[in-house]
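Model, not experiment: these values are computed from the prediction. Throughout, protein chains are lettered first and strands after them, A, B, ... in sequence-line order, and every chain is numbered starting at 1.
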Amino acid sequence: MSAIGPVAAAVFRESVRDRVFYNLVLFGVLLVGASIVIGQLTAGQDVKIIKDLGLAATSLFGLFIAIFIGINLVSKEVERRSVYPLLAKPITRPQFIAGKYAGLLLTLLVNLAVMTVALYTVLYFLARGIPVPIQGAWDAPALDPALLKAVAMIFLELAVVTAVALFFSTYSSPMLSAIFTLGVYVVGQFNAELKRFDAIVDSPAAIAVAKACYYVLPDFSRFDVKLAVVHGIPVPGAFMAASAAYAAAYVAALLFGAMVIFARRDFK
Amino acid sequence: MRGPAAAAALCLAAAVALHAAIDRWPAPAVDTPGLLYVRSPEAARRAALSYRGVTADVYWIRALQHFGTERLAGPGHVKDYSLLYPLLDLATTLDPYFSIAYRFGSIFLGEPYPGGPGRPDLAIALLKKGLAAQPTKWQYMQDLGFVYYWHLHDYRAAAEAFQRASEMPEAPNWMRPLAAVTLAEGGHRNASRALWTELAKSEEPWLRDSAVLRLTQLDAMDIMDAWKRAKDQGLNLPIPNDPSGTPFVLNPATGGIIVSPQSKLFPLPGQLEPPR
């Protein structure tokens with residue numbers, strides 16, 4: 001297990017070297033710029049719109065990082081042949097996969113943490129000049145701690161997306177991995193529709209396939225609590241815990257799958 | 001590397017200068033109708049993936065811009081608010097809890113032409129959609145009552161809506177008397193003034209502004225009536241200014257005065273109908 005740490009640290013360092021965190025500057029500019037412009041464009045609701053925008057940007061930026069770095073995690077090492085000296089070291093292939101995953105997850109965590117701080121900061125300054133009675137009419141306070149629930153769910157979603165990207169990265173080219181991962185992400189957003197397939201289709205076989213896909217494919221729509229949080233609708237802790245367990249199980253399944261595939265790959 | 005960098009800076013400066021020069025010959029003004037690429041709210045909801053909140057905001061901002069652009073357009077432009085309801089429908093399908101889109105949207109929709117589309121029926125549809133999403137939101141029921149009262153003059157329906165709003169959780173205690181006043185004095189200016197005075201106490205600035213405008217319109221109607229009474233008694237009074245400071249104009253049909261189309265208060269309820 002001790003070999004996982006150095007691999008993860010190397011992935012994190014590489015992310016820093018690749019200027020991945022430059023997206024934070026873009027995020028900051030987007031939020032601050034929007035907070036200035038939104039007030040001119042909308043009749044009130046600035047805080048709601050900044051929350052929507054901040055959470056959407058957090059999710060979207062994280063998604064791009066998870067996909068476009070995730071797909072290169074293994075395939076780039078194989079292409080560059082840097083995987084050979086790595087595997088010659090006292091490190092097993094499963095440790096290599098786990099380390100790569102942990103490194104990207106750490107990158108995403110740091111990214112998300114900074115974005116969350118930036119979002120709260122912008123919300124603080126936005127709400128500062130607004131009288132308390134007007135704030136009372138909002139669905140949720142500007143500095144609502146429940147926003148952290150939405151961020152936590154985004155992190156869970158990104159953890160699954162990263163695992164999907166890494167899984168494809170172990171046996172496919174970066175281009176194909178990106179297409180597959182994006183495909184799984186989009187299908188995962190519509191997963192709930194598969195459950196209701198029997199309402200529009202009569203064929204029992206088609207219904208059975210749709211049901212199977214519903215349970216096998218990741219249900220990304222489960223991780224979306226952004227609207228609820230923005231409107232101050234409670235998100236139960238049990239739901240959060242169940243979603244975390246679901247994400248953990250899915251990630252574990254994908255990582256074990258990736259380890260099996262990677263262990264069987266012949267690099268000769 | 002200095003040469004290419006200087007060349008790049010020079011070319012950029014030239015492009016900026018040319019852009020400024022081109023602006024001297026503005027493009028011919030073409031009065032094109034607005035366009036909405038996605039009309040199906042369900043299709044938009046699916047296409048937005050997990051970014052429904054922010055997509056709803058975009059449609060809401062578009063609705064505001066559409067309303068504002070048409071409302072403030074010059075006299076040569078035929079005001080067309082046909083995209084307003086589809087945009088609000090999209091925004092509220094993407095975010096079913098988008099309170100301001102229902103409440104402000106219903107005000108926009110009910111506004112008489114040319115200040116708005118003059119479609120209280122669509123305002124009611126939008127508010128009923130909001131009530132379907134949040135059945136205990138007394139504010140939507142209250143707004144429904146206002147649409148019935150102010151635009152449709154259906155005082156029985158208005159009183160029923162106020163009564164139902166008063167029975168909802170967290171409804172203010174003035175809602176129940178409002179229902180009774182509406183039923184007893186429906187159509188009376190005093191009852192109307194009582195309704196808007198309560199709304200003017202709202203915590204939401206845009207709602208307060210709307211209520212203040214209505215109250216000022218009621219004041220204008222009082223001045224118009226007083227002027228007509230004085231004239232009928234044979235007094236020769238000058239044409240006064242309305243409460244916004246714009247002079248009233250003579251109404252040849254009644255011999256009285258009405259608010260000018262240039263006034264901020266134009267049109268008063270029932271003064272104009274949208275083009276069919």
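Scanning both residues, Leu227(A) and Leu94(B), for their nearest heavy atoms gives CD1-O, 3.6 Å. Tyr185(A) and Ser50(B) get closest at one heavy-atom pair: OH-OG, 3.6 Å. Scanning both residues, Ala56(A) and Val54(B), for their nearest heavy atoms gives CB-CG1, 3.8 Å. Closest approach of Asp139(A) to Tyr97(B), counting heavy atoms only: OD2-O, 4.0 Å.
Taken from CD in Gln189(A) to CZ in Arg46(B), the straight-line distance is 13.0 Å, to the nearest 0.5 Å. Going from atom CG of Asp95(B) over to atom CG of Asp52(A) covers 6.5 Å, rounded to the nearest 0.5 Å.
No more than 12 heavy atoms of other residues, nucleotides or ligands shown are found within 6.0 angstrom of CZ on Arg222(A). Atom NZ of Lys264(B) sits in a sparse spot, with 12 or fewer heavy atoms from other residues, nucleotides or ligands closer than 6.0 Å. Enclosure of atom CZ in Arg164(B) is not indicated, since only 12 or fewer non-hydrogen atoms of other residues, nucleotides or ligands lie within 6.0 angstrom. More than 12 non-hydrogen atoms from other residues, nucleotides or ligands lie less than 6.0 angstrom from CZ of Phe190(A).
Interface remark: Gln65(B) contributes side-chain atoms only to the contact with chain A (heavy atom separation under 4.5 Å). For chain B, the nearby parts of Leu60(A) are the backbone and the side chain; heavy atoms of each come within less than 4.5 Å. Contact annotation for Asp224(A): only side-chain heavy atoms (C-beta onward) come within less than 4.5 Å of a heavy atom of chain B. Contact annotation for Ile154(A): neither backbone nor side-chain heavy atoms come within less than 4.5 Å of a heavy atom of chain B. Looking at Glu193(A), only its side chain comes within 4.5 Å of chain B, counting heavy atoms on both sides.
Figure legend: cation-pi geometry between Lys48(A) and Phe98(B), with NZ or CZ positioned under 6.0 Å from the six-membered ring centre and within 45° of its axis.
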Could you give me the CA-CA distance, side-chain angles and deciding distance for Leu49(B) and Phe220(A), then say whether side chain to side chain contact (heavy atoms under 4.5 Å, CB included) is met?
CA-CA 10 Å; Leu49(B) 301 178; Phe220(A) 287 116; over 6 Å; no
